[in-house]
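Labels below follow one simple rule: chain letters A, B, ... track the order of the sequence lines, proteins then strands, and each chain is numbered from 1. Bear in mind that the values here come from a model prediction, so they are computed numbers and not experimental data.
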Amino acid sequence: MSYKRTLITSALPYANGPVHIGHLAGVYIPADIYTRYLRLKGEKVIHVGGSDEHGVPVTIRARKEGITVQQVVDRYHNLIKDSFEKFGISFDIYSRTTSSIHHKFASDFFRHLYDNNKFIEQTTEQFYDEETNEFLTDRNIRGECPYCHSQGAYGDQCEKCGRTLSPDELINPYNAINGNSLTKKSTSHWYLPLDQYQEWLQKWILEEHKEWRPNVYGQCKSWLDGGLKPRAVTRDLDWGIPVPVEGAEGKVLYVWFDAPIGYISNTKELCDAQPEKYGKWETWWKDPDTRLIHFIGKDNIVFHCIVFPSMLKADGSYILPDNVPSNEFLNLEGDKISTSRNWAVWLNEYLEDFPGKQDVLRYVLTANAPETKDNDFTWSDFQARNNNELVAIYGNFINRALVLTNKYFNGQVPAQGTLTDYDKQTIEEFVNIKTQLEDLLNNFHFRDAQKEAMNLARIGNKYLAETEPWKLAKTDLQRTGTILNLSLQIAANLSIAFEPFLPFSSAKLRKMLLMDDVKWDRLGAIDILPQEHTLGTAELLFEKIEDAAIQAQLDRLARIKKENQLAAWQAPEIKKPTTIDEFDKMDIRVGTVLECQKVKKSDKLLQFKIDDGMGGRTILSGIAQSYPNPEELVGKQILFIANFPPRKMMGIESQGMILSAVNADNKLVVTTVSNKVQNGAQVG
RNA sequence: CGCGGAGUAGAGCAGUGGUAGCUCGUCAGGCUCAUAACCUGAAGGUCGCAGGUUCGAUCCCUGCCUCCGCAACCA
């Protein structure tokens, strides 16, 4: 397969929140590694990205926060763009779907298909809110479930009984956002008849792209086997790109129709701005010598492999994706990453907490990339990979080589004398690194490729350990020089090999080596640094990350988890009906805590001494785990049941039961009175 | 319900119809130039469960279990 240029796209992040490590691991780091790799090889390549700013969720968010939709997308577009820049995600252009170029382009794209009869028009009855003048999506309609009759079932599914529903089945449907009741209104939309592309897609994907990753291929096969149906490409909304057809007021292009067109319009924006550098946008999208690669997450497979190619095919003048490397998902500390639950490591926050450590996150996310299945990100793994791999293996090797050179050769590259058999054996181990890396990178195996690069540092450490130049320096300075020369050549190789993965560190290393140029072709060579070349100032390539920094992150997550638990809490169901007579049998009293301490050898029991106004009593209560400092209860007036029969626990007699509330986190909270009352006062 | 992906050493992950691998962690030894880093070696697995095909299955087939996605502000 030969090609002249490569067009790389990264999934457009939705401008409804900051980006997090899942986005980075799933899409942007692999895309960036691949882009940097091709650039390093001197190939023609552009990397196109941008924010997806249409669709319903941004409008909901704006309404919730009382700001305009434009303000929402501006805020997050800028935040996202800034995060990408700081992490070195090297886009040639990062634009947005609200740009005027995109609006015009997407509009023209639609119109062109429309004029060529590529759409079918269908009229359906849909639920409508007369007050807000809007049609509702299935998910925003709620009502009574027709099967289990629970309230609040969604238009697509009942949470209670799990049945799949359609909005028509709901009893008394209402708007989930404002509670308004709904009426039915007919509306017409344009559909892309995917069924007409079925046969063509089957041949194109199932026969001609068997090399796609199993998850991608399998997902496509599943959709194709199920039979494709026409898919709506317009929506009744006021936020988006107006449908460029007479009489289509109030309708916009469906966000999934306009977003991928953003890849094209952003390319156009780039090329129009710098035609001398990038040429014509059509070259990137219509010349069969261009190779198109989409980097996406697994939730986007169907749109990039089925829908968008069908759109391009419908137009007829575009090339199609050559590969769609899709990653699975990254979890965080065992739980699914979630924007709404704030369960994420946000890039903007990471940059504040770990300034200058972008490469550490890049390294960890690549080392543990979810290439074949969902993976887990943990902070302890993050720390371990930094301290044990980046610092101990890579950084340490560089430091050893430089310190030794400074010590014995005043920071000048010594001459490479006669090579011993062991030298040759070592060279043999990494001379093929270029081919190995290329094989892995060409096939999108970034995790393995990075491991291969790290292996070079291991080879370096081993070489120093075996040859022991610090000993030889006393007897044979010439041999010492050869060893250090070779070590420095390995260091120079490392800066090239890691360039796609850890661009900031590679630049830093080149500065330390005063190595001005980096060429992929030189990878594997042992004469990158010339004899007597003067090295720059040595500094540490990576720094250790202390436990305290990791603990701070874990504490933050624990706090969020607790907040979520409280937010998600629902009151338990009311018990069976009882009577006032039953209640009256309980003699509930107020008493003041005189003493409170843990019962020895018990995990759960606290021993209370209570002033009950009748000479005092001892009560045991199983709440020790909720009160690590029991003395804080001393002096409080609490409620207790006074007429339970005494009961021995852990050898102590308990004369009653203290009343506690069970909180959302299952912690028990002792009940008390709002004003001071006499001890022994009755409650009823 | 269905469809797709996944389940392999304490942790995180590769891999293959024929002796099960990598990184980290653990343990032992070596080294001391280096950010107490580095090097060598060892221990540690009925490859989710149950059947089947095969001379032989972790791999292929069937069934089941669990997790994730398709499908709620998600890459």
Side-chain angles (χ1 to χ4, degrees), chain A residues 10-14 16-17 19-30 55-58 60-61 64 137-140 154-157 159 162-164 176 213-223 225-226 295-302 326-331 336-341 343-344 364 367-378 380-381 384-385 387-393 395-408 445 447-448 451 454-455 457-458 460-466 468-471 473 480 484 487 540-544:
Chain A
S10 289
L12 306 186
Y14 198 55
N16 196 31
V19 273
H20 52 64
I21 52 171
H23 296 102
L24 218 48
V27 176
Y28 305 100
I29 288 179
V56 180
V58 285
I60 293 176
R61 184 167 199 125
K64 227 183 243 174
T137 58
D138 290 358
R139 195 67 199 182
N140 284 334
Y154 290 97
D156 56 353
Q157 190 184 31
E159 304 267 276
R163 250 176 273 243
T164 306
R213 287 187 182 172
N215 55 341
V216 178
Y217 188 89
Q219 180 100 167
C220 292
K221 187 169 188 308
S222 150
W223 274 78
D225 288 350
F295 283 88
I296 57 166
K298 70 170 159 182
D299 55 342
N300 269 339
I301 290 172
V302 64
S326 161
N327 275 351
E328 300 287 301
F329 277 5
L330 188 69
N331 293 327
K336 195 178 155 186
I337 292 178
S338 162
T339 301
S340 55
R341 297 203 332 271
W343 193 252
V364 173
N368 194 25
E371 286 179 7
T372 52
K373 65 169 185 190
D374 291 359
N375 278 351
D376 199 25
F377 176 92
T378 66
S380 73
D381 179 61
R385 286 199 187 271
N387 292 357
N388 304 332
E389 297 180 28
L390 287 178
V391 173
I393 295 171
N396 186 39
F397 168 68
I398 299 299
N399 196 36
R400 296 172 86 180
L402 290 179
V403 166
L404 287 167
T405 307
N406 282 334
K407 192 166 176 181
Y408 300 120
H445 293 156
R447 185 174 49 197
D448 288 342
K451 199 185 272 183
M454 187 53 89
N455 203 31
R458 291 180 208 278
N461 276 320
K462 187 177 171 187
Y463 180 66
L464 284 178
E466 297 285 334
E468 300 182 313
W470 53 90
K471 278 186 184 166
T480 308
L484 290 179
S487 300
L540 296 181
L541 197 53
F542 299 99
E543 285 167 355
K544 282 204 149 196

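- Here the side chain of Asn399(A) pairs no donor or acceptor atom with the backbone of Gly395(A) at under 3.5 angstrom.
- Checked by atom type and distance alone, the side chain of Asp374(A) never pairs as donor or acceptor with a backbone atom of Glu328(A) at under 3.5 Å.
- If you measure from atom CD1 of Ile301(A) to atom P of rA75(B), you get 14 Å, rounded to the nearest angstrom.
- Protein atom CD of Glu468(A) is 10 Å distant from nucleotide atom C1' of rC33(B), rounded to whole Å.
- Residue contacts shown for Tyr408(A) are absent, as no nucleic acid heavy atom lies under 4.0 Å away.
- Nucleotides rA42(B) and rA36(B) are separated by 22 Å at their C1' atoms, to the nearest Å.
- In terms of modelled atom types and a separation under 3.5 Å, the side chain of Arg385(A) and the main chain of Val364(A) share no donor-acceptor contact.
- One interatomic measurement links the two molecules: OH of Tyr14(A) to P of rA75(B), which rounds to 10 Å at whole-angstrom precision.
- Atom-to-atom, CG of Leu484(A) to C1' of rA34(B) comes out at 13 Å; the value is rounded to the nearest Å.
- Contact annotation: the side chain of Ile337(A) approaches that of Ile21(A) to within less than 4.5 Å [non-hydrogen atoms, C-beta and beyond].
- Glu371(A) has its CD atom 17 Å from the C1' atom of rC68(B), to the nearest Å.
- Mapping Trp470(A) and Tyr28(A) onto RNA chain B via the closest heavy atom, the residue that lands nearer the 5' end is Trp470(A).
- In this structure the side chain of Ser326(A) never reaches within 4.5 angstrom of the side chain of Asn300(A), judged on heavy atoms.
- Separating the P atom of rU58(B) from that of rU8(B) is a span of 15 Å, rounded to the nearest Å.
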If pairs are Watson-Crick or G-U with both distances under 3.5 Å, what is the dot-bracket string of RNA chain B, marking crossing pairs with [ ] and pairs to another strand with |?
-> .((((((..((((....[..)))).(((((.......))))).....(((((..]....))))))))))).....
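- For the P atom pair drawn from rG4(B) and rC61(B), the interatomic distance equals 12 Å after rounding to whole Å.
- Here, rC59(B) and rG69(B) have their C1' atoms 24 Å apart, quoted to the whole Å.
- Under the 4.5 Å side-chain criterion, counting only non-hydrogen atoms from C-beta, Arg213(A) is in contact with Glu371(A).
- Looking at residues two or more places apart in sequence or on another chain, you find a side-chain contact (heavy atoms from CB on, under 4.5 Å) between Ala25(A) and Leu330(A), Leu365(A), Pro370(A).
- rC33(B) atom C1' lies 14 Å from atom CD1 of Ile398(A), rounded to whole Å.
- Following rounding to the nearest Å, Asn455(A) (CG) and rU23(B) (P) show an atom-to-atom distance of 8 Å.
- With rC24(B), rA75(B), rC33(B) as the choices, the nucleotide that has an atom nearest any side-chain atom of Asp299(A) turns out to be rA75(B).
- Rounded to the nearest Å, the gap between the C1' atom of rG41(B) and that of rC31(B) is 15 Å.
- Summarising the geometry, the separation between CD1 on Ile337(A) and C1' on rC68(B) is reported as 13 Å, rounded to the nearest angstrom.
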What do the steps show when you test Trp470(A) against Tyr408(A) for side-chain contact (heavy atoms from CB on, under 4.5 Å), and what is the final call?
-> CA-CA 9 Å; Trp470(A) 53 90; Tyr408(A) 300 120; 4.0 Å; yes
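- Inter-residue side-chain proximity for His23(A) and Tyr28(A) is flagged as met; some heavy-atom pair is nearer than 4.5 Å.
- Here the side chain of Asn368(A) pairs no donor or acceptor atom with the backbone of Asn375(A) at under 3.5 angstrom.
- Nucleotides rA37(B) and rA57(B) are separated by 44 Å at their C1' atoms, to the nearest Å.
- Spacing of C1' atoms, rU66(B) relative to rC60(B), comes out at 23 Å, to the nearest Å.
- Not a single ring-ring contact (aromatic ring centres under 6.0 Å, His included) links Tyr14(A) to another residue, sequence neighbours left out.
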Using the 3.5 Å cut-off, write out each protein N or O paired with an N or O of nucleotides 3-7 of chain B and the distance between them.
| from | atom 1 | to | atom 2 | distance (Å) |
| --- | --- | --- | --- | --- |
| rC3(B) | O2' | Ser222(A) | OG | 2.2 |
| rG4(B) | O2' | Gln219(A) | N | 3.3 |

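- Remark: Phe397(A) pairs with no residue by the ring-ring contact (aromatic ring centres under 6.0 Å, His included) rule, at least two apart or across chains.
- Among the atoms of the strands shown, none is found under 4.0 Å from any heavy atom of Leu24(A).
- If you take atom C1' in rU26(B) and the same atom in rG44(B), they sit 9 Å apart, rounded to whole Å.
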Could you run down the sub-3.5 Å N/O contacts of the protein with nucleotides 36-40 of chain B?
| from | atom 1 | to | atom 2 | distance (Å) |
| --- | --- | --- | --- | --- |
| rA37(B) | OP1 | Lys544(A) | NZ | 3.0 |
| rA37(B) | O2' | Ala392(A) | O | 3.1 |
| rA37(B) | O2' | Asn396(A) | ND2 | 2.8 |
| rC38(B) | O2' | Arg400(A) | NH1 | 2.9 |

For side-chain contact (heavy atoms from CB on, under 4.5 Å), just list the numbers for Asn215(A) and Lys373(A), CA-CA rounded to whole Å, side-chain angles, deciding distance to a tenth of an Å, and then say yes or no.
-> CA-CA 9 Å; Asn215(A) 55 341; Lys373(A) 65 169 185 190; over 6 Å; no
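- Residue Asn300(A) is classed as a sugar-phosphate contact, given heavy-atom separations below 4.0 Å to backbone atoms only.
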